[in-house]
Protein chains: 2
Amino acid sequence: MTLKKSYELLENADPWACIASKLMLSIRVVSAIYRKHLKKHNVTMSQLSLLMVIGKHKFLPQNEIGKLLKLERSTVTRDLKRMIEKGYFIKKYDKTRPVIYITDKGADYVELIIPDWKAATEEAKSKLGTDGEQALNLVLNNLMR
Amino acid sequence: MTLKKSYELLENADPWACIASKLMLSIRVVSAIYRKHLKKHNVTMSQLSLLMVIGKHKFLPQNEIGKLLKLERSTVTRDLKRMIEKGYFIKKYDKTRPVIYITDKGADYVELIIPDWKAATEEAKSKLGTDGEQALNLVLNNLMR
DNA sequence: AAAACATAGTTGTATATGCAACATAAGGCG
DNA sequence: CGCCTTATGTTGCATATACAACTATGTTTT
(Lines give C-alpha, C1' and ligand atoms only; values in the text may rest on other atoms or scores of the structure.)
Protein backbone atom coordinates (compact mmCIF):
# COMPACT_ATOMS: atom_id res chain seq x y z
CA MET A 1 0.00 0.00 0.00
CA THR A 2 1.60 3.20 -1.16
CA LEU A 3 0.10 6.58 -0.58
CA LYS A 4 -0.37 8.85 -3.58
CA LYS A 5 1.61 11.83 -2.45
CA SER A 6 3.76 12.92 0.41
CA TYR A 7 2.22 14.27 3.50
CA GLU A 8 4.42 17.06 4.79
CA LEU A 9 2.62 17.87 7.98
CA LEU A 10 2.01 14.30 9.02
CA GLU A 11 5.59 13.34 8.35
CA ASN A 12 6.93 16.16 10.43
CA ALA A 13 4.41 15.96 13.24
CA ASP A 14 5.09 13.98 16.39
CA PRO A 15 1.99 12.24 17.77
CA TRP A 16 3.67 12.15 21.17
CA ALA A 17 4.14 15.89 21.27
CA CYS A 18 0.46 16.11 22.12
CA ILE A 19 -0.49 17.28 25.59
CA ALA A 20 -3.82 15.46 25.47
CA SER A 21 -2.20 12.21 24.38
CA LYS A 22 0.28 12.37 27.21
CA LEU A 23 -2.49 12.86 29.72
CA MET A 24 -4.62 10.13 28.18
CA LEU A 25 -1.72 7.71 28.35
CA SER A 26 -1.05 8.70 31.95
CA ILE A 27 -4.62 8.29 33.04
CA ARG A 28 -4.80 4.85 31.42
CA VAL A 29 -1.82 3.67 33.43
CA VAL A 30 -3.10 5.12 36.68
CA SER A 31 -6.68 4.03 36.12
CA ALA A 32 -5.52 0.47 35.72
CA ILE A 33 -3.92 0.62 39.16
CA TYR A 34 -7.06 1.98 40.77
CA ARG A 35 -9.31 -0.46 38.95
CA LYS A 36 -7.25 -3.35 40.21
CA HIS A 37 -7.66 -2.26 43.83
CA LEU A 38 -11.28 -1.16 43.55
CA LYS A 39 -12.46 -4.17 41.59
CA LYS A 40 -13.60 -6.10 44.67
CA HIS A 41 -15.97 -3.29 45.57
CA ASN A 42 -17.40 -3.12 42.11
CA VAL A 43 -16.87 0.61 41.98
CA THR A 44 -15.16 2.85 39.44
CA MET A 45 -13.01 5.90 40.05
CA SER A 46 -15.70 8.18 38.67
CA GLN A 47 -18.20 6.73 41.10
CA LEU A 48 -15.77 6.92 43.99
CA SER A 49 -15.10 10.58 43.25
CA LEU A 50 -18.80 11.26 43.55
CA LEU A 51 -19.06 9.25 46.75
CA MET A 52 -16.13 11.02 48.35
CA VAL A 53 -16.95 14.53 47.26
CA ILE A 54 -20.62 14.33 48.13
CA GLY A 55 -19.85 12.25 51.22
CA LYS A 56 -17.44 14.86 52.50
CA HIS A 57 -20.10 17.54 52.22
CA LYS A 58 -22.97 15.22 53.23
CA PHE A 59 -24.97 16.89 50.48
CA LEU A 60 -24.33 19.10 47.47
CA PRO A 61 -26.53 20.98 45.00
CA GLN A 62 -26.35 19.10 41.73
CA ASN A 63 -24.91 22.03 39.83
CA GLU A 64 -22.02 22.30 42.32
CA ILE A 65 -21.01 18.74 41.60
CA GLY A 66 -20.36 19.45 37.97
CA LYS A 67 -18.34 22.51 38.83
CA LEU A 68 -16.18 20.67 41.34
CA LEU A 69 -15.45 17.71 39.10
CA LYS A 70 -15.54 19.67 35.84
CA LEU A 71 -18.20 17.43 34.40
CA GLU A 72 -20.79 18.37 31.84
CA ARG A 73 -24.35 18.78 33.16
CA SER A 74 -25.71 15.75 31.38
CA THR A 75 -22.85 13.59 32.60
CA VAL A 76 -23.66 14.57 36.16
CA THR A 77 -27.33 13.76 35.66
CA ARG A 78 -26.57 10.28 34.44
CA ASP A 79 -23.67 9.40 36.72
CA LEU A 80 -25.85 10.36 39.67
CA LYS A 81 -28.82 8.49 38.29
CA ARG A 82 -26.93 5.21 38.42
CA MET A 83 -25.74 5.86 41.97
CA ILE A 84 -29.21 6.86 43.11
CA GLU A 85 -30.62 3.66 41.64
CA LYS A 86 -28.06 1.74 43.67
CA GLY A 87 -29.17 3.60 46.79
CA TYR A 88 -25.98 5.49 47.54
CA PHE A 89 -27.47 8.93 47.03
CA ILE A 90 -30.89 10.48 47.18
CA LYS A 91 -32.12 13.50 45.32
CA LYS A 92 -34.14 16.09 47.20
CA TYR A 93 -35.22 19.48 46.00
CA ASP A 94 -34.50 22.96 47.26
CA LYS A 95 -37.45 24.66 45.59
CA THR A 96 -36.80 23.42 42.10
CA ARG A 97 -33.09 22.74 42.39
CA PRO A 98 -31.91 19.19 42.98
CA VAL A 99 -29.64 18.62 45.95
CA ILE A 100 -27.84 15.30 46.24
CA TYR A 101 -27.48 13.67 49.65
CA ILE A 102 -25.35 10.69 50.50
CA THR A 103 -27.33 7.91 52.18
CA ASP A 104 -26.24 5.74 55.10
CA LYS A 105 -25.74 2.95 52.62
CA GLY A 106 -23.55 5.24 50.55
CA ALA A 107 -21.47 6.34 53.50
CA ASP A 108 -21.02 2.75 54.71
CA TYR A 109 -19.94 1.84 51.23
CA VAL A 110 -17.25 4.54 51.06
CA GLU A 111 -15.92 3.57 54.47
CA LEU A 112 -15.43 0.09 53.12
CA ILE A 113 -13.77 1.30 49.95
CA ILE A 114 -11.39 3.87 51.37
CA PRO A 115 -8.72 1.44 52.56
CA ASP A 116 -8.39 0.05 49.05
CA TRP A 117 -8.50 3.51 47.58
CA LYS A 118 -5.58 4.40 49.85
CA ALA A 119 -3.69 1.31 48.76
CA ALA A 120 -4.25 2.23 45.13
CA THR A 121 -3.07 5.75 45.81
CA GLU A 122 0.05 4.41 47.46
CA GLU A 123 0.78 2.16 44.53
CA ALA A 124 0.24 5.00 42.09
CA LYS A 125 2.50 7.25 44.14
CA SER A 126 5.26 4.70 44.28
CA LYS A 127 5.11 4.40 40.53
CA LEU A 128 5.07 8.18 40.16
CA GLY A 129 7.83 8.86 42.64
CA THR A 130 8.01 11.90 44.86
CA ASP A 131 9.13 14.07 41.99
CA GLY A 132 6.35 12.77 39.80
CA GLU A 133 3.82 13.44 42.49
CA GLN A 134 4.91 17.04 42.80
CA ALA A 135 5.03 17.35 39.06
CA LEU A 136 1.43 16.21 38.82
CA ASN A 137 0.38 18.78 41.39
CA LEU A 138 2.07 21.47 39.36
CA VAL A 139 0.36 20.33 36.18
CA LEU A 140 -3.03 20.42 37.83
CA ASN A 141 -2.44 23.78 39.48
CA ASN A 142 -1.32 25.36 36.25
CA LEU A 143 -4.29 23.97 34.37
CA MET A 144 -6.74 25.19 36.97
CA ARG A 145 -5.50 28.74 37.25
CA MET B 1 -30.68 14.54 56.45
CA THR B 2 -28.40 13.33 59.20
CA LEU B 3 -26.28 10.23 58.90
CA LYS B 4 -26.60 7.60 61.60
CA LYS B 5 -23.04 7.38 62.77
CA SER B 6 -19.75 9.07 62.14
CA TYR B 7 -17.62 8.02 59.28
CA GLU B 8 -14.02 8.17 60.41
CA LEU B 9 -12.32 7.28 57.17
CA LEU B 10 -14.49 9.45 54.99
CA GLU B 11 -14.13 12.41 57.29
CA ASN B 12 -10.37 12.15 57.28
CA ALA B 13 -9.93 11.31 53.64
CA ASP B 14 -9.22 13.97 51.06
CA PRO B 15 -10.88 13.31 47.72
CA TRP B 16 -8.32 15.52 46.06
CA ALA B 17 -5.41 13.48 47.36
CA CYS B 18 -6.25 11.00 44.64
CA ILE B 19 -3.80 10.58 41.79
CA ALA B 20 -6.49 9.34 39.43
CA SER B 21 -8.77 12.28 40.23
CA LYS B 22 -6.02 14.76 39.56
CA LEU B 23 -5.34 13.21 36.20
CA MET B 24 -9.03 13.00 35.34
CA LEU B 25 -9.47 16.66 36.17
CA SER B 26 -6.41 17.56 34.11
CA ILE B 27 -7.53 15.61 31.10
CA ARG B 28 -10.96 17.21 31.22
CA VAL B 29 -9.42 20.67 31.07
CA VAL B 30 -7.04 19.77 28.29
CA SER B 31 -9.59 17.77 26.33
CA ALA B 32 -11.88 20.76 26.26
CA ILE B 33 -9.13 22.81 24.63
CA TYR B 34 -8.51 20.18 21.97
CA ARG B 35 -12.20 19.61 21.35
CA LYS B 36 -12.68 23.30 20.73
CA HIS B 37 -9.99 23.39 18.06
CA LEU B 38 -10.83 20.03 16.48
CA LYS B 39 -14.57 20.55 16.41
CA LYS B 40 -14.62 21.89 12.87
CA HIS B 41 -13.06 18.66 11.61
CA ASN B 42 -15.52 16.54 13.47
CA VAL B 43 -12.72 14.50 14.97
CA THR B 44 -11.91 13.52 18.53
CA MET B 45 -8.54 13.26 20.22
CA SER B 46 -8.81 9.48 20.36
CA GLN B 47 -9.44 9.36 16.64
CA LEU B 48 -6.66 11.80 15.91
CA SER B 49 -4.22 9.71 17.92
CA LEU B 50 -5.05 6.74 15.75
CA LEU B 51 -4.74 8.78 12.60
CA MET B 52 -1.38 10.20 13.58
CA VAL B 53 0.15 7.03 14.96
CA ILE B 54 -0.96 4.82 12.10
CA GLY B 55 -0.35 7.61 9.59
CA LYS B 56 3.23 8.02 10.76
CA HIS B 57 3.89 4.33 10.22
CA LYS B 58 1.67 4.11 7.11
CA PHE B 59 0.44 0.80 8.53
CA LEU B 60 0.54 -1.07 11.84
CA PRO B 61 -0.45 -4.53 12.99
CA GLN B 62 -3.61 -4.16 15.03
CA ASN B 63 -2.04 -5.58 18.17
CA GLU B 64 0.76 -3.00 18.03
CA ILE B 65 -1.77 -0.19 18.13
CA GLY B 66 -3.10 -1.25 21.49
CA LYS B 67 0.37 -1.53 22.88
CA LEU B 68 1.41 1.89 21.68
CA LEU B 69 -1.70 3.65 22.95
CA LYS B 70 -2.24 1.39 25.97
CA LEU B 71 -5.74 0.52 24.86
CA GLU B 72 -7.59 -2.68 25.58
CA ARG B 73 -7.97 -5.08 22.65
CA SER B 74 -11.71 -4.58 22.33
CA THR B 75 -11.37 -0.82 22.41
CA VAL B 76 -8.94 -0.98 19.51
CA THR B 77 -11.28 -3.22 17.54
CA ARG B 78 -14.14 -0.80 17.89
CA ASP B 79 -12.29 2.49 17.56
CA LEU B 80 -10.77 1.19 14.35
CA LYS B 81 -14.10 -0.11 13.13
CA ARG B 82 -15.59 3.38 13.18
CA MET B 83 -12.59 4.81 11.36
CA ILE B 84 -12.62 2.06 8.77
CA GLU B 85 -16.31 2.69 8.13
CA LYS B 86 -15.47 6.32 7.52
CA GLY B 87 -12.81 5.27 5.05
CA TYR B 88 -9.73 6.54 6.88
CA PHE B 89 -8.19 3.12 7.39
CA ILE B 90 -8.38 -0.25 5.72
CA LYS B 91 -7.81 -3.60 7.32
CA LYS B 92 -5.71 -6.16 5.47
CA TYR B 93 -4.45 -9.46 6.74
CA ASP B 94 -0.97 -10.81 7.22
CA LYS B 95 -1.93 -14.48 7.27
CA THR B 96 -4.58 -14.21 9.96
CA ARG B 97 -3.37 -11.09 11.69
CA PRO B 98 -5.05 -7.80 10.89
CA VAL B 99 -2.81 -4.96 9.77
CA ILE B 100 -4.27 -1.47 9.63
CA TYR B 101 -3.32 0.84 6.78
CA ILE B 102 -4.09 4.51 6.49
CA THR B 103 -5.88 5.39 3.25
CA ASP B 104 -5.31 8.41 1.05
CA LYS B 105 -8.51 9.81 2.42
CA GLY B 106 -7.19 9.30 5.94
CA ALA B 107 -3.87 10.91 5.19
CA ASP B 108 -5.53 13.89 3.50
CA TYR B 109 -7.76 14.22 6.52
CA VAL B 110 -4.85 14.35 8.99
CA GLU B 111 -3.02 16.90 6.87
CA LEU B 112 -6.08 19.10 7.17
CA ILE B 113 -6.38 18.57 10.91
CA ILE B 114 -2.77 19.01 11.95
CA PRO B 115 -2.73 22.83 11.88
CA ASP B 116 -5.62 22.92 14.33
CA TRP B 117 -4.06 20.18 16.41
CA LYS B 118 -0.95 22.34 16.60
CA ALA B 119 -2.99 25.35 17.64
CA ALA B 120 -4.67 23.29 20.35
CA THR B 121 -1.31 22.06 21.56
CA GLU B 122 -0.05 25.62 21.69
CA GLU B 123 -3.04 26.74 23.70
CA ALA B 124 -2.65 23.81 26.07
CA LYS B 125 1.05 24.56 26.46
CA SER B 126 0.43 28.19 27.21
CA LYS B 127 -2.00 27.18 29.91
CA LEU B 128 0.44 24.63 31.28
CA GLY B 129 3.47 26.87 31.16
CA THR B 130 6.98 25.69 30.46
CA ASP B 131 7.32 24.26 33.92
CA GLY B 132 4.01 22.46 33.62
CA GLU B 133 5.01 21.05 30.29
CA GLN B 134 8.19 19.60 31.73
CA ALA B 135 6.30 18.38 34.75
CA LEU B 136 3.90 16.49 32.52
CA ASN B 137 6.78 14.85 30.70
CA LEU B 138 8.19 13.73 34.01
CA VAL B 139 4.86 12.32 35.12
CA LEU B 140 4.50 10.34 31.92
CA ASN B 141 8.07 9.08 32.00
CA ASN B 142 7.78 7.91 35.57
CA LEU B 143 4.51 6.15 34.87
CA MET B 144 5.89 4.38 31.83
CA ARG B 145 9.06 3.05 33.37
C1' DA C 1 -44.44 43.94 33.96
C1' DA C 2 -42.59 42.19 29.53
C1' DA C 3 -38.88 40.89 26.94
C1' DA C 4 -34.32 39.25 26.69
C1' DC C 5 -30.78 36.74 28.47
C1' DA C 6 -28.59 33.27 31.43
C1' DT C 7 -28.55 29.02 34.25
C1' DA C 8 -29.78 24.38 35.09
C1' DG C 9 -31.65 19.71 34.30
C1' DT C 10 -33.01 16.11 31.06
C1' DT C 11 -33.02 13.26 27.01
C1' DG C 12 -31.40 11.79 22.33
C1' DT C 13 -27.32 10.56 20.07
C1' DA C 14 -22.53 9.31 19.46
C1' DT C 15 -17.95 8.05 20.99
C1' DA C 16 -14.64 5.89 24.16
C1' DT C 17 -13.47 2.58 27.24
C1' DG C 18 -12.81 -1.87 30.00
C1' DC C 19 -14.06 -6.66 31.42
C1' DA C 20 -15.76 -11.31 30.61
C1' DA C 21 -16.56 -14.88 27.61
C1' DC C 22 -15.78 -16.92 23.49
C1' DA C 23 -13.25 -18.39 19.26
C1' DT C 24 -9.09 -18.81 16.83
C1' DA C 25 -4.42 -18.89 16.03
C1' DA C 26 0.56 -19.40 17.45
C1' DG C 27 4.28 -21.30 19.98
C1' DG C 28 6.43 -24.53 22.88
C1' DC C 29 7.01 -29.19 24.58
C1' DG C 30 6.87 -34.02 25.31
C1' DC D 1 2.51 -34.65 15.68
C1' DG D 2 -0.91 -33.58 19.36
C1' DC D 3 -1.58 -31.11 23.72
C1' DC D 4 -1.11 -27.14 26.61
C1' DT D 5 -0.51 -22.42 27.18
C1' DT D 6 -0.52 -17.84 25.51
C1' DA D 7 -1.76 -14.13 22.41
C1' DT D 8 -5.14 -11.97 19.72
C1' DG D 9 -9.62 -10.48 17.85
C1' DT D 10 -14.61 -10.08 18.46
C1' DT D 11 -18.99 -9.46 20.75
C1' DG D 12 -22.11 -8.69 24.78
C1' DC D 13 -22.54 -5.76 28.49
C1' DA D 14 -21.89 -1.73 31.45
C1' DT D 15 -20.07 2.78 32.47
C1' DA D 16 -18.38 7.47 31.38
C1' DT D 17 -18.48 11.28 28.74
C1' DA D 18 -19.80 15.35 25.68
C1' DC D 19 -22.85 18.08 22.58
C1' DA D 20 -27.27 19.60 20.83
C1' DA D 21 -31.85 20.52 21.56
C1' DC D 22 -35.52 21.18 24.55
C1' DT D 23 -37.70 22.74 28.86
C1' DA D 24 -38.04 25.18 32.93
C1' DT D 25 -36.47 28.49 35.96
C1' DG D 26 -34.10 32.72 37.31
C1' DT D 27 -32.16 37.34 36.43
C1' DT D 28 -31.58 41.61 34.20
C1' DT D 29 -32.93 45.39 31.32
C1' DT D 30 -35.87 48.34 29.40
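Note that these values count all heavy atoms, side chains included, but never hydrogens, waters or copies made by symmetry. Naming convention: chains lettered A, B, ... in sequence-line order (proteins, then strands); numbering from 1 in each chain.
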Q. Quick one: B:Gln47 CD to C:dT15 P, roughly how many Å, whole number?
A. 7 Å

(Q) In this structure, how many angstroms lie between the C1' atom of D:dT15 and the OH atom of A:Tyr88, rounded? (A) 14 Å

Q) Where each residue is assigned the nucleotide of DNA chain D containing its nearest heavy atom, which of A:Glu72 and A:Lys86 is assigned the position nearer the 5′ end? A) A:Lys86

Q) Do other residues, nucleotides or ligands put more than 12 heavy atoms under 6.0 Å from the CG atom of A:Asn42? A) no

Q: For A:Arg78 and D:dT17, give me the distance from atom CZ to atom C1', rounded to whole Å.
A: 9 Å

Q. For B:Lys81 and C:dA16, what is the distance between atoms NZ and P respectively, to the nearest whole Å?
A. 12 Å

Q: Starting from C1' on C:dA26, measure out to CG on B:Asp94 and report it in whole angstrom.
A: 13 Å

Q: For the helix from C:dA1-D:dT30 to C:dG30-D:dC1, measure the angle between the helix axis at one end and the axis at the other, each built from five pairs, rounding to 10°.
A: 20°

Q. Which comes earlier along DNA chain D counting from the 5' end, the contact point of B:Glu64 or that of A:Met45, where each point is its nearest nucleotide?
A. B:Glu64

Q) Is the NZ atom of A:Lys81 crowded by more than 12 outside heavy atoms at less than 6.0 Å? A) no

Q: Considering non-hydrogen atoms only, spot the tightest contact between B:Arg145 and A:Leu128 and give its length.
A: NH2-O, 3.8 Å

Q. What are the residues of residues 14-37 of chain B, sorted by number, that bring a heavy atom to within less than 4.0 Å of DNA chain C?
A. none

Q. What do the steps show when you test B:Leu10 against A:Glu111 for side-chain contact (heavy atoms from CB on, under 4.5 Å), and what is the final call?
A. CA-CA 6 Å; B:Leu10 178 54; A:Glu111 285 292 292; 3.3 Å; yes

Q: Would you indicate which nucleotide in C:dT17, D:dT11, D:dT8 comes nearest to any side-chain atom of B:Thr77?
A: D:dT11

Q) In a check of side chain to side chain contact (heavy atoms under 4.5 Å, CB included) between A:Val53 and each of A:Leu60, A:Ile65, A:Ile100, A:Leu48, which one passes? A) A:Leu60

Q.
Could you tell me how far apart B:Met83 (CE) and C:dT17 (P) are, to the nearest whole angstrom?
A. 12 Å

Q. Is it the case that B:Lys105 places NZ or CZ above or below the six-membered ring of B:Tyr88, under 6.0 angstrom from the centre and within 45 degrees of the axis?
A. yes

